[in-house]
Amino acid sequence: MTRTISLMALLATTPALAEENRQLDPHEHGVGILNIAIDGTAVAMEFQAPGADIVGFEYAAESEADHAKIDAAVATLMDPLNLFALPDAAECTVTQASAELESEEHEEHTGETGHTEFHAEFTFTCVNSASLSEIAFPYFDTFENARKLEVQIATTTGAHAFEVERDAPLLDLRDLY
Amino acid sequence: MIFRLALASLAARALTVGMTILAIALSVALFLGVEKIRTGAKASFSDTISGTDLIVGARSGSVQLLLYSVFRIGNATNNVTWESYQDIAARPDVDWIVPISLGDSHRQFRVMGTTAAFFEHYKYRQGRSLEAAEGLVMDDLFDAVIGADVAATLSYNVGDPIVVAHGIASFTEHDDQPFRISGILEKTGTPVDRTVVVSLEAIEAIHVDWQSGRQASGQSTSVEAIRAMELTPNAITAALIGVESPLQTFALQRAINEYTQEPLLAILPGVALQDLWGIVGIAETALLAVSMMVIVTALIGMMATIFSSLSERRREMAILRAMGASPRLIVGLLVFEAVLMSAMGALLGLAFLYIGLIVAQPIIDSAFGLWLPIEAPTQREIWVILAVIGASAIVSLIPAIRAYKTSISDGMMVKT
(Lines give C-alpha, C1' and ligand atoms only; values in the text may rest on other atoms or scores of the structure.)
Protein backbone atom coordinates (compact mmCIF):
# COMPACT_ATOMS: atom_id res chain seq x y z
CA MET A 1 0.00 0.00 0.00
CA THR A 2 2.88 2.24 0.81
CA ARG A 3 4.18 1.77 -2.70
CA THR A 4 0.84 2.58 -4.30
CA ILE A 5 0.56 5.83 -2.43
CA SER A 6 4.08 7.01 -3.13
CA LEU A 7 3.69 6.18 -6.80
CA MET A 8 0.49 8.13 -6.91
CA ALA A 9 2.13 10.98 -5.13
CA LEU A 10 4.90 10.93 -7.67
CA LEU A 11 2.43 10.97 -10.56
CA ALA A 12 0.56 13.79 -8.98
CA THR A 13 3.62 15.93 -8.48
CA THR A 14 5.20 15.40 -11.89
CA PRO A 15 3.18 18.04 -13.75
CA ALA A 16 3.94 20.47 -10.99
CA LEU A 17 7.64 19.84 -11.43
CA ALA A 18 7.43 20.44 -15.16
CA GLU A 19 6.08 23.89 -14.55
CA GLU A 20 7.53 26.20 -12.01
CA ASN A 21 5.85 26.96 -8.71
CA ARG A 22 3.65 29.97 -8.98
CA GLN A 23 2.15 31.80 -6.09
CA LEU A 24 1.44 35.39 -5.25
CA ASP A 25 0.66 37.13 -2.01
CA PRO A 26 -2.64 38.95 -1.75
CA HIS A 27 -2.36 42.65 -2.44
CA GLU A 28 -5.05 45.12 -1.48
CA HIS A 29 -4.65 48.84 -1.93
CA GLY A 30 -5.24 50.92 1.15
CA VAL A 31 -4.68 47.97 3.46
CA GLY A 32 -1.38 47.37 5.19
CA ILE A 33 -0.29 44.53 7.42
CA LEU A 34 1.44 44.92 10.75
CA ASN A 35 2.54 41.90 12.73
CA ILE A 36 3.69 42.49 16.27
CA ALA A 37 5.35 39.87 18.45
CA ILE A 38 6.02 40.48 22.12
CA ASP A 39 8.25 38.27 24.24
CA GLY A 40 9.35 39.78 27.52
CA THR A 41 11.20 42.99 26.77
CA ALA A 42 11.71 42.11 23.12
CA VAL A 43 9.20 43.42 20.64
CA ALA A 44 9.37 42.68 16.92
CA MET A 45 7.29 44.22 14.15
CA GLU A 46 6.84 43.35 10.51
CA PHE A 47 5.18 45.84 8.28
CA GLN A 48 3.90 45.46 4.75
CA ALA A 49 1.96 47.93 2.67
CA PRO A 50 1.23 48.39 -1.03
CA GLY A 51 3.34 50.96 -2.84
CA ALA A 52 0.14 52.82 -3.66
CA ASP A 53 -0.46 53.48 0.04
CA ILE A 54 3.02 54.76 0.75
CA VAL A 55 4.18 56.67 -2.32
CA GLY A 56 1.02 56.76 -4.42
CA PHE A 57 2.31 54.76 -7.40
CA GLU A 58 3.30 51.18 -8.13
CA TYR A 59 5.14 51.46 -11.43
CA ALA A 60 8.91 51.16 -11.49
CA ALA A 61 10.30 54.51 -10.48
CA GLU A 62 11.17 56.52 -13.60
CA SER A 63 11.71 60.15 -12.82
CA GLU A 64 13.97 61.75 -10.29
CA ALA A 65 10.88 62.72 -8.32
CA ASP A 66 9.74 59.08 -8.14
CA HIS A 67 13.11 57.99 -6.81
CA ALA A 68 13.12 60.81 -4.30
CA LYS A 69 9.65 59.81 -3.13
CA ILE A 70 10.69 56.21 -2.59
CA ASP A 71 13.87 57.22 -0.77
CA ALA A 72 11.88 59.55 1.47
CA ALA A 73 9.33 56.82 2.22
CA VAL A 74 12.05 54.32 3.12
CA ALA A 75 13.65 56.90 5.39
CA THR A 76 10.29 57.51 7.09
CA LEU A 77 9.75 53.80 7.54
CA MET A 78 13.15 53.50 9.18
CA ASP A 79 11.80 55.51 12.11
CA PRO A 80 9.00 53.20 13.28
CA LEU A 81 8.18 54.96 16.56
CA ASN A 82 6.90 57.94 14.57
CA LEU A 83 4.51 55.66 12.70
CA PHE A 84 3.46 53.21 15.37
CA ALA A 85 3.64 55.11 18.62
CA LEU A 86 4.24 52.97 21.69
CA PRO A 87 3.43 54.41 25.13
CA ASP A 88 6.25 56.41 26.70
CA ALA A 89 5.87 54.41 29.91
CA ALA A 90 6.99 51.27 28.09
CA GLU A 91 10.36 52.93 27.38
CA CYS A 92 10.85 51.36 23.99
CA THR A 93 13.91 51.90 21.89
CA VAL A 94 14.50 50.75 18.35
CA THR A 95 17.29 48.20 18.18
CA GLN A 96 17.00 47.36 14.51
CA ALA A 97 15.12 48.70 11.54
CA SER A 98 15.09 47.82 7.89
CA ALA A 99 12.81 48.91 5.08
CA GLU A 100 12.72 48.31 1.37
CA LEU A 101 10.53 48.39 -1.68
CA GLU A 102 9.79 45.03 -3.23
CA SER A 103 8.17 44.52 -6.58
CA GLU A 104 6.35 41.43 -7.66
CA GLU A 105 7.87 40.20 -10.87
CA HIS A 106 5.62 39.41 -13.76
CA GLU A 107 8.28 37.87 -15.93
CA GLU A 108 5.94 36.10 -18.31
CA HIS A 109 4.03 39.21 -19.13
CA THR A 110 6.69 41.79 -19.64
CA GLY A 111 5.28 45.22 -20.09
CA GLU A 112 2.49 44.56 -17.60
CA THR A 113 3.19 46.51 -14.48
CA GLY A 114 3.35 44.42 -11.34
CA HIS A 115 2.47 45.51 -7.86
CA THR A 116 5.03 46.92 -5.49
CA GLU A 117 5.06 46.60 -1.76
CA PHE A 118 7.01 48.21 1.00
CA HIS A 119 8.35 45.76 3.55
CA ALA A 120 9.88 46.78 6.84
CA GLU A 121 11.08 44.96 9.92
CA PHE A 122 11.77 46.45 13.30
CA THR A 123 12.90 45.18 16.64
CA PHE A 124 12.54 47.10 19.86
CA THR A 125 13.58 46.69 23.43
CA CYS A 126 10.88 47.83 25.82
CA VAL A 127 12.09 48.13 29.40
CA ASN A 128 8.51 48.09 30.72
CA SER A 129 6.80 45.91 28.18
CA ALA A 130 3.95 45.49 30.66
CA SER A 131 3.10 49.14 29.96
CA LEU A 132 2.38 48.41 26.30
CA SER A 133 -1.26 49.23 26.84
CA GLU A 134 -1.96 50.87 23.51
CA ILE A 135 -0.50 51.73 20.16
CA ALA A 136 -1.29 54.95 18.34
CA PHE A 137 -0.93 55.19 14.58
CA PRO A 138 0.47 58.49 13.31
CA TYR A 139 1.11 56.23 10.30
CA PHE A 140 -2.24 57.33 8.88
CA ASP A 141 -1.23 61.00 9.09
CA THR A 142 2.09 60.30 7.42
CA PHE A 143 0.71 58.22 4.56
CA GLU A 144 -2.52 59.71 3.29
CA ASN A 145 -3.46 56.83 1.01
CA ALA A 146 -3.44 54.25 3.78
CA ARG A 147 -6.95 53.39 4.94
CA LYS A 148 -6.56 50.35 7.12
CA LEU A 149 -3.96 48.29 8.92
CA GLU A 150 -4.52 44.65 9.72
CA VAL A 151 -2.68 44.10 12.95
CA GLN A 152 -1.82 40.70 14.38
CA ILE A 153 -0.23 40.43 17.78
CA ALA A 154 1.48 37.31 19.07
CA THR A 155 2.38 37.04 22.73
CA THR A 156 3.24 34.13 24.98
CA THR A 157 -0.49 33.79 25.72
CA GLY A 158 -1.58 33.51 22.09
CA ALA A 159 -2.37 35.57 19.05
CA HIS A 160 -5.00 38.19 18.39
CA ALA A 161 -6.04 40.11 15.32
CA PHE A 162 -7.23 43.68 15.11
CA GLU A 163 -8.19 46.09 12.40
CA VAL A 164 -7.09 49.65 12.79
CA GLU A 165 -8.88 52.12 10.57
CA ARG A 166 -7.97 55.64 9.63
CA ASP A 167 -10.98 56.97 11.58
CA ALA A 168 -9.86 55.38 14.85
CA PRO A 169 -6.08 55.13 14.78
CA LEU A 170 -5.65 53.69 18.24
CA LEU A 171 -5.25 50.10 19.38
CA ASP A 172 -6.16 49.14 22.93
CA LEU A 173 -4.02 46.23 24.13
CA ARG A 174 -5.17 46.10 27.74
CA ASP A 175 -7.34 43.03 27.13
CA LEU A 176 -4.30 41.06 26.05
CA TYR A 177 -2.83 40.93 29.50
CA MET B 1 -42.61 63.05 52.40
CA ILE B 2 -42.81 62.06 48.73
CA PHE B 3 -40.80 58.92 49.49
CA ARG B 4 -43.24 57.76 52.17
CA LEU B 5 -46.18 58.71 50.00
CA ALA B 6 -44.81 56.74 47.06
CA LEU B 7 -44.08 53.69 49.20
CA ALA B 8 -47.51 53.78 50.78
CA SER B 9 -49.14 54.24 47.40
CA LEU B 10 -47.27 51.27 45.99
CA ALA B 11 -48.11 49.19 49.05
CA ALA B 12 -51.78 50.02 48.64
CA ARG B 13 -51.73 48.50 45.15
CA ALA B 14 -49.47 45.62 46.17
CA LEU B 15 -50.80 43.06 43.69
CA THR B 16 -50.54 45.06 40.44
CA VAL B 17 -47.27 46.63 41.58
CA GLY B 18 -45.92 43.22 42.54
CA MET B 19 -46.79 41.84 39.09
CA THR B 20 -45.12 44.77 37.38
CA ILE B 21 -42.02 44.34 39.51
CA LEU B 22 -41.98 40.63 38.75
CA ALA B 23 -42.22 41.31 35.01
CA ILE B 24 -39.31 43.75 35.18
CA ALA B 25 -37.32 41.35 37.38
CA LEU B 26 -37.79 38.46 34.97
CA SER B 27 -36.86 40.58 31.98
CA VAL B 28 -33.74 41.90 33.71
CA ALA B 29 -32.79 38.40 34.85
CA LEU B 30 -33.27 37.13 31.29
CA PHE B 31 -31.15 39.89 29.84
CA LEU B 32 -28.33 39.46 32.36
CA GLY B 33 -28.56 35.69 32.00
CA VAL B 34 -28.22 35.92 28.24
CA GLU B 35 -25.32 38.29 28.76
CA LYS B 36 -23.63 35.77 31.09
CA ILE B 37 -24.14 32.88 28.69
CA ARG B 38 -22.95 35.02 25.81
CA THR B 39 -19.70 36.05 27.49
CA GLY B 40 -19.29 32.56 28.96
CA ALA B 41 -19.78 30.95 25.56
CA LYS B 42 -17.34 33.34 23.95
CA ALA B 43 -14.74 32.75 26.64
CA SER B 44 -15.10 29.00 26.57
CA PHE B 45 -15.02 29.10 22.77
CA SER B 46 -11.77 31.03 22.67
CA ASP B 47 -10.43 28.78 25.45
CA THR B 48 -10.87 25.69 23.26
CA ILE B 49 -7.21 25.74 22.42
CA SER B 50 -4.47 27.70 24.11
CA GLY B 51 -0.73 27.37 24.28
CA THR B 52 -0.53 26.37 20.61
CA ASP B 53 1.14 29.02 18.48
CA LEU B 54 0.42 27.65 15.03
CA ILE B 55 -1.73 24.97 13.43
CA VAL B 56 -0.47 23.53 10.16
CA GLY B 57 -2.56 21.73 7.58
CA ALA B 58 -3.17 21.55 3.87
CA ARG B 59 -3.69 24.93 2.27
CA SER B 60 -7.34 25.86 2.55
CA GLY B 61 -8.91 28.51 4.73
CA SER B 62 -7.94 29.42 8.27
CA VAL B 63 -11.44 28.80 9.61
CA GLN B 64 -11.69 25.47 7.82
CA LEU B 65 -8.34 24.29 9.14
CA LEU B 66 -9.36 25.31 12.64
CA LEU B 67 -12.72 23.57 12.29
CA TYR B 68 -11.34 20.20 11.30
CA SER B 69 -8.16 20.20 13.35
CA VAL B 70 -9.58 21.54 16.62
CA PHE B 71 -13.37 21.24 16.44
CA ARG B 72 -13.37 18.04 14.33
CA ILE B 73 -16.01 19.54 12.05
CA GLY B 74 -15.70 18.87 8.34
CA ASN B 75 -12.75 17.32 6.61
CA ALA B 76 -9.34 18.24 5.36
CA THR B 77 -9.00 19.06 1.68
CA ASN B 78 -5.65 17.27 1.64
CA ASN B 79 -3.25 15.60 3.97
CA VAL B 80 0.17 16.82 4.96
CA THR B 81 2.93 14.46 3.86
CA TRP B 82 5.18 12.99 6.50
CA GLU B 83 8.21 14.49 4.72
CA SER B 84 6.84 18.02 5.01
CA TYR B 85 5.92 17.37 8.60
CA GLN B 86 9.48 16.32 9.38
CA ASP B 87 10.86 19.29 7.49
CA ILE B 88 8.85 21.63 9.67
CA ALA B 89 9.62 19.69 12.84
CA ALA B 90 13.33 20.03 12.13
CA ARG B 91 13.23 23.83 11.98
CA PRO B 92 15.11 25.46 14.83
CA ASP B 93 12.26 27.84 15.75
CA VAL B 94 9.88 24.92 16.40
CA ASP B 95 9.83 24.17 20.11
CA TRP B 96 7.41 21.28 19.86
CA ILE B 97 5.15 19.81 17.20
CA VAL B 98 2.26 17.42 17.65
CA PRO B 99 0.90 15.55 14.61
CA ILE B 100 -2.82 14.87 14.28
CA SER B 101 -4.33 12.24 12.04
CA LEU B 102 -8.10 12.22 11.57
CA GLY B 103 -10.45 10.25 9.36
CA ASP B 104 -11.53 7.23 11.39
CA SER B 105 -14.43 7.08 13.74
CA HIS B 106 -15.93 5.13 16.57
CA ARG B 107 -19.75 5.23 16.52
CA GLN B 108 -20.52 8.96 16.26
CA PHE B 109 -17.17 10.03 17.66
CA ARG B 110 -14.06 10.95 15.72
CA VAL B 111 -10.85 9.04 16.25
CA MET B 112 -7.70 11.07 16.35
CA GLY B 113 -4.23 9.63 15.96
CA THR B 114 -1.49 11.59 17.65
CA THR B 115 1.55 11.18 19.85
CA ALA B 116 1.85 11.25 23.62
CA ALA B 117 3.08 14.84 23.27
CA PHE B 118 -0.54 15.83 22.56
CA PHE B 119 -1.42 15.33 26.21
CA GLU B 120 1.55 17.40 27.24
CA HIS B 121 1.00 20.31 24.87
CA TYR B 122 -2.73 20.55 24.21
CA LYS B 123 -3.96 23.23 26.58
CA TYR B 124 -7.40 24.72 27.09
CA ARG B 125 -8.99 27.35 29.33
CA GLN B 126 -5.85 29.48 29.65
CA GLY B 127 -3.22 26.82 29.96
CA ARG B 128 -5.02 23.93 31.63
CA SER B 129 -3.71 20.51 30.67
CA LEU B 130 -5.71 17.42 29.88
CA GLU B 131 -6.01 15.19 32.92
CA ALA B 132 -6.97 11.57 33.04
CA ALA B 133 -10.07 11.05 35.19
CA GLU B 134 -9.48 7.31 35.16
CA GLY B 135 -6.67 5.08 33.97
CA LEU B 136 -3.57 6.15 32.15
CA VAL B 137 -2.61 8.01 29.07
CA MET B 138 -1.80 5.52 26.33
CA ASP B 139 1.50 3.74 26.05
CA ASP B 140 0.67 0.54 24.17
CA LEU B 141 0.10 0.48 20.41
CA PHE B 142 -3.56 -0.49 20.82
CA ASP B 143 -4.33 1.80 23.72
CA ALA B 144 -7.08 4.35 23.29
CA VAL B 145 -7.82 7.33 25.49
CA ILE B 146 -11.39 8.57 25.30
CA GLY B 147 -12.96 11.90 26.10
CA ALA B 148 -15.50 12.34 28.89
CA ASP B 149 -18.49 12.55 26.54
CA VAL B 150 -17.46 9.37 24.73
CA ALA B 151 -17.24 7.52 28.02
CA ALA B 152 -20.55 8.90 29.26
CA THR B 153 -22.53 8.35 26.06
CA LEU B 154 -21.29 4.82 25.38
CA SER B 155 -20.80 3.94 29.08
CA TYR B 156 -17.25 2.76 28.59
CA ASN B 157 -14.82 1.93 31.35
CA VAL B 158 -11.09 1.57 31.47
CA GLY B 159 -10.09 -1.83 30.07
CA ASP B 160 -13.07 -2.17 27.71
CA PRO B 161 -12.33 -3.18 24.13
CA ILE B 162 -13.15 -0.62 21.46
CA VAL B 163 -13.41 -1.07 17.69
CA VAL B 164 -12.37 1.70 15.37
CA ALA B 165 -14.24 2.10 12.09
CA HIS B 166 -12.66 3.09 8.82
CA GLY B 167 -13.82 6.47 7.64
CA ILE B 168 -16.66 8.35 9.22
CA ALA B 169 -20.03 6.64 9.69
CA SER B 170 -18.91 3.65 7.70
CA PHE B 171 -20.13 0.18 8.45
CA THR B 172 -16.95 -1.66 7.72
CA GLU B 173 -15.25 -1.90 11.04
CA HIS B 174 -11.69 -2.76 11.80
CA ASP B 175 -12.71 -5.60 14.03
CA ASP B 176 -9.54 -7.59 13.66
CA GLN B 177 -7.53 -5.17 15.78
CA PRO B 178 -9.40 -4.46 18.92
CA PHE B 179 -8.28 -1.45 20.86
CA ARG B 180 -8.41 -1.29 24.61
CA ILE B 181 -9.45 1.78 26.56
CA SER B 182 -6.49 2.75 28.68
CA GLY B 183 -7.78 6.02 30.05
CA ILE B 184 -10.73 8.37 30.25
CA LEU B 185 -10.07 12.10 30.21
CA GLU B 186 -11.68 14.61 32.51
CA LYS B 187 -14.44 16.81 31.14
CA THR B 188 -12.89 19.82 29.42
CA GLY B 189 -15.75 21.48 27.57
CA THR B 190 -13.67 21.21 24.39
CA PRO B 191 -14.04 18.91 21.36
CA VAL B 192 -11.53 16.57 23.06
CA ASP B 193 -14.48 15.34 25.14
CA ARG B 194 -15.97 13.83 22.00
CA THR B 195 -12.77 12.30 20.66
CA VAL B 196 -11.17 8.88 20.82
CA VAL B 197 -7.41 9.39 20.95
CA VAL B 198 -5.08 6.67 19.71
CA SER B 199 -1.44 6.73 18.71
CA LEU B 200 -0.38 7.73 15.23
CA GLU B 201 1.13 4.28 14.73
CA ALA B 202 -2.19 2.69 15.66
CA ILE B 203 -3.91 4.58 12.85
CA GLU B 204 -1.34 3.06 10.49
CA ALA B 205 -1.75 -0.34 12.10
CA ILE B 206 -5.49 -0.55 11.50
CA HIS B 207 -4.90 0.18 7.84
CA VAL B 208 -2.21 -2.45 7.33
CA ASP B 209 -4.59 -4.95 5.74
CA TRP B 210 -6.67 -2.35 3.98
CA GLN B 211 -5.77 -1.89 0.37
CA SER B 212 -7.56 0.75 -1.62
CA GLY B 213 -10.25 1.05 1.00
CA ARG B 214 -11.29 -2.59 0.97
CA GLN B 215 -10.02 -5.36 3.14
CA ALA B 216 -8.13 -7.91 1.06
CA SER B 217 -9.91 -11.23 1.37
CA GLY B 218 -8.21 -14.02 3.23
CA GLN B 219 -5.48 -11.69 4.27
CA SER B 220 -5.26 -10.71 7.86
CA THR B 221 -2.09 -9.68 9.51
CA SER B 222 -1.86 -10.90 13.05
CA VAL B 223 -1.61 -8.44 15.88
CA GLU B 224 1.91 -9.72 16.62
CA ALA B 225 3.04 -9.14 13.05
CA ILE B 226 1.66 -5.60 13.16
CA ARG B 227 3.47 -4.89 16.37
CA ALA B 228 6.71 -5.93 14.69
CA MET B 229 6.13 -3.59 11.73
CA GLU B 230 7.53 -0.16 11.38
CA LEU B 231 4.44 1.99 11.40
CA THR B 232 5.59 5.34 10.15
CA PRO B 233 2.66 7.20 8.64
CA ASN B 234 2.75 8.52 5.08
CA ALA B 235 0.71 11.52 5.91
CA ILE B 236 -0.98 13.35 8.73
CA THR B 237 -3.99 15.63 8.74
CA ALA B 238 -2.61 18.57 10.66
CA ALA B 239 -0.05 19.50 13.29
CA LEU B 240 -0.01 21.73 16.32
CA ILE B 241 3.15 23.77 16.77
CA GLY B 242 4.66 25.65 19.67
CA VAL B 243 7.40 28.13 18.83
CA GLU B 244 10.53 28.84 20.87
CA SER B 245 9.56 32.48 21.21
CA PRO B 246 6.53 34.48 20.02
CA LEU B 247 9.03 36.60 18.09
CA GLN B 248 9.42 33.72 15.64
CA THR B 249 5.70 33.05 15.21
CA PHE B 250 5.18 35.20 12.13
CA ALA B 251 8.41 34.17 10.44
CA LEU B 252 7.57 30.50 10.90
CA GLN B 253 4.03 31.08 9.70
CA ARG B 254 5.31 32.76 6.57
CA ALA B 255 7.91 30.05 5.98
CA ILE B 256 5.20 27.38 6.13
CA ASN B 257 2.77 29.36 3.97
CA GLU B 258 5.47 29.84 1.36
CA TYR B 259 6.76 26.26 1.56
CA THR B 260 7.17 25.44 -2.12
CA GLN B 261 7.31 21.61 -1.99
CA GLU B 262 3.74 21.32 -0.73
CA PRO B 263 0.88 23.80 -0.38
CA LEU B 264 0.58 24.18 3.37
CA LEU B 265 -1.21 26.62 5.58
CA ALA B 266 -0.19 27.76 9.03
CA ILE B 267 -2.71 29.65 11.12
CA LEU B 268 -2.61 31.46 14.43
CA PRO B 269 -5.31 29.66 16.44
CA GLY B 270 -6.32 32.81 18.36
CA VAL B 271 -6.84 34.78 15.16
CA ALA B 272 -8.72 31.94 13.46
CA LEU B 273 -10.95 31.59 16.52
CA GLN B 274 -11.71 35.29 16.27
CA ASP B 275 -12.59 34.86 12.58
CA LEU B 276 -14.83 31.93 13.40
CA TRP B 277 -16.51 33.80 16.25
CA GLY B 278 -17.17 36.60 13.79
CA ILE B 279 -19.34 34.13 11.89
CA VAL B 280 -21.13 32.38 14.75
CA GLY B 281 -21.27 35.59 16.78
CA ILE B 282 -24.24 36.86 14.76
CA ALA B 283 -26.47 34.52 16.78
CA GLU B 284 -25.24 36.12 19.97
CA THR B 285 -26.31 39.56 18.74
CA ALA B 286 -29.74 38.22 17.85
CA LEU B 287 -30.09 36.69 21.31
CA LEU B 288 -29.11 39.96 22.90
CA ALA B 289 -31.59 41.89 20.78
CA VAL B 290 -34.41 39.54 21.76
CA SER B 291 -33.69 39.85 25.47
CA MET B 292 -33.47 43.62 25.09
CA MET B 293 -36.94 43.56 23.55
CA VAL B 294 -38.20 41.63 26.58
CA ILE B 295 -37.03 44.46 28.84
CA VAL B 296 -38.74 47.00 26.58
CA THR B 297 -41.94 44.95 26.76
CA ALA B 298 -41.79 44.85 30.56
CA LEU B 299 -41.31 48.61 30.68
CA ILE B 300 -44.24 49.19 28.33
CA GLY B 301 -46.28 46.87 30.57
CA MET B 302 -45.35 49.08 33.50
CA MET B 303 -46.43 52.15 31.56
CA ALA B 304 -49.78 50.49 30.84
CA THR B 305 -50.38 49.72 34.52
CA ILE B 306 -49.55 53.29 35.47
CA PHE B 307 -51.99 54.54 32.82
CA SER B 308 -54.77 52.31 34.02
CA SER B 309 -54.10 53.34 37.61
CA LEU B 310 -54.53 56.99 36.71
CA SER B 311 -58.31 56.88 36.47
CA GLU B 312 -58.52 55.00 39.79
CA ARG B 313 -56.28 57.58 41.35
CA ARG B 314 -58.03 60.73 40.12
CA ARG B 315 -59.65 61.18 43.51
CA GLU B 316 -56.34 60.59 45.24
CA MET B 317 -54.66 63.18 43.03
CA ALA B 318 -57.45 65.65 43.78
CA ILE B 319 -56.97 65.11 47.51
CA LEU B 320 -53.23 65.62 47.14
CA ARG B 321 -53.89 68.84 45.27
CA ALA B 322 -56.32 69.92 48.02
CA MET B 323 -53.60 69.23 50.56
CA GLY B 324 -51.42 71.73 48.70
CA ALA B 325 -49.47 69.51 46.35
CA SER B 326 -48.48 71.21 43.11
CA PRO B 327 -49.13 69.46 39.76
CA ARG B 328 -45.35 69.11 39.46
CA LEU B 329 -45.28 67.12 42.68
CA ILE B 330 -47.83 64.77 41.16
CA VAL B 331 -45.56 64.21 38.16
CA GLY B 332 -42.66 63.68 40.56
CA LEU B 333 -44.65 61.21 42.59
CA LEU B 334 -45.60 59.10 39.58
CA VAL B 335 -42.10 59.09 38.14
CA PHE B 336 -40.64 58.27 41.53
CA GLU B 337 -43.06 55.38 41.93
CA ALA B 338 -42.01 54.03 38.56
CA VAL B 339 -38.33 54.36 39.42
CA LEU B 340 -38.94 52.54 42.72
CA MET B 341 -40.76 49.74 40.91
CA SER B 342 -38.06 49.28 38.30
CA ALA B 343 -35.28 49.50 40.89
CA MET B 344 -36.96 46.81 42.95
CA GLY B 345 -37.53 44.83 39.77
CA ALA B 346 -33.89 45.16 38.73
CA LEU B 347 -32.62 44.11 42.15
CA LEU B 348 -35.00 41.19 42.25
CA GLY B 349 -33.86 40.30 38.73
CA LEU B 350 -30.26 40.34 39.89
CA ALA B 351 -31.21 38.06 42.77
CA PHE B 352 -32.98 35.71 40.32
CA LEU B 353 -29.84 35.69 38.18
CA TYR B 354 -27.55 34.69 41.03
CA ILE B 355 -29.96 32.05 42.34
CA GLY B 356 -30.23 30.71 38.80
CA LEU B 357 -26.46 30.71 38.38
CA ILE B 358 -25.87 28.87 41.64
CA VAL B 359 -28.43 26.23 40.68
CA ALA B 360 -27.53 25.92 37.00
CA GLN B 361 -23.78 26.38 37.02
CA PRO B 362 -22.79 22.74 37.63
CA ILE B 363 -25.55 21.49 35.31
CA ILE B 364 -24.50 23.76 32.44
CA ASP B 365 -20.85 22.89 32.98
CA SER B 366 -21.41 19.15 32.79
CA ALA B 367 -24.00 19.29 30.00
CA PHE B 368 -22.44 21.85 27.69
CA GLY B 369 -18.93 22.32 29.06
CA LEU B 370 -19.80 25.96 29.53
CA TRP B 371 -18.38 27.48 32.68
CA LEU B 372 -20.36 30.50 33.88
CA PRO B 373 -18.41 32.28 36.59
CA ILE B 374 -20.36 33.60 39.59
CA GLU B 375 -18.89 36.99 40.26
CA ALA B 376 -19.93 40.51 41.23
CA PRO B 377 -21.92 42.30 38.51
CA THR B 378 -19.62 43.73 35.87
CA GLN B 379 -19.58 47.40 35.04
CA ARG B 380 -21.59 46.63 31.92
CA GLU B 381 -24.27 44.87 33.94
CA ILE B 382 -24.53 47.76 36.38
CA TRP B 383 -24.95 50.09 33.41
CA VAL B 384 -27.75 47.88 32.09
CA ILE B 385 -29.54 48.06 35.44
CA LEU B 386 -29.13 51.82 35.60
CA ALA B 387 -30.36 52.08 32.02
CA VAL B 388 -33.48 50.08 32.90
CA ILE B 389 -34.20 52.38 35.84
CA GLY B 390 -33.53 55.45 33.72
CA ALA B 391 -35.75 54.12 30.95
CA SER B 392 -38.55 53.49 33.45
CA ALA B 393 -38.36 57.14 34.54
CA ILE B 394 -38.63 58.28 30.93
CA VAL B 395 -41.44 55.84 30.14
CA SER B 396 -43.43 56.87 33.25
CA LEU B 397 -43.19 60.52 32.20
CA ILE B 398 -45.88 59.89 29.59
CA PRO B 399 -48.64 58.89 32.08
CA ALA B 400 -47.24 61.40 34.57
CA ILE B 401 -47.74 64.25 32.11
CA ARG B 402 -51.28 63.04 31.52
CA ALA B 403 -51.83 63.09 35.30
CA TYR B 404 -50.35 66.56 35.43
CA LYS B 405 -52.87 67.80 32.84
CA THR B 406 -55.88 66.12 34.39
CA SER B 407 -54.93 67.27 37.87
CA ILE B 408 -54.89 70.84 36.57
CA SER B 409 -58.18 70.55 34.70
CA ASP B 410 -59.84 68.58 37.48
CA GLY B 411 -58.63 71.11 40.00
CA MET B 412 -59.44 70.04 43.50
CA MET B 413 -62.75 68.48 42.64
CA VAL B 414 -63.36 65.42 40.54
CA LYS B 415 -66.42 66.06 38.44
CA THR B 416 -67.86 62.73 37.48
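In what follows, chains are A, B, ... by sequence order, proteins preceding strands, each numbered from 1.
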- [ ] For the residue pair B:Y122 and B:I100, establish whether any side-chain heavy-atom pair is separated by less than 4.5 Å.
- [x] no

Task: Nearest heavy atoms of B:V94 and B:I88, plus distance in Å - done: CG2-O, 3.3 Å

- [ ] Before accepting this row, confirm whether a basic side-chain N of the pair A:K148/A:E28 lies closer than 4.0 Å to the acidic partner's carboxylate O.
- [x] no

Task: Among B:D275, B:L268, B:I49, residue most engaged with chain A (heavy-atom pairs, under 4.5 Å) - done: B:L268

Task: Salt-bridge criterion met for B:K42 and B:E284 (N-O under 4.0 Å) - done: no

Task: Side chain, backbone, both or neither of B:S245 within contact of chain A (heavy atoms, under 4.5 Å) - done: both

Open item on the list: Please classify the contact between B:E262 and chain A as side chain, backbone, both or neither, with a heavy-atom cut-off of under 4.5 Å.
Closed with: neither

Open item on the list: Quick check for you: among B:S46, B:P246, B:A251, which has the greatest number of heavy-atom pairs under 4.5 Å with chain A?
Closed with: B:P246

Open item on the list: Between A:T125 and A:T41, is there a side-chain donor-acceptor contact under 3.5 Å, judged purely by atom types and distance?
Closed with: no

Task: Engaged part of A:Q152 at the chain B interface, taking heavy atoms whose separation is under 4.5 Å - done: both

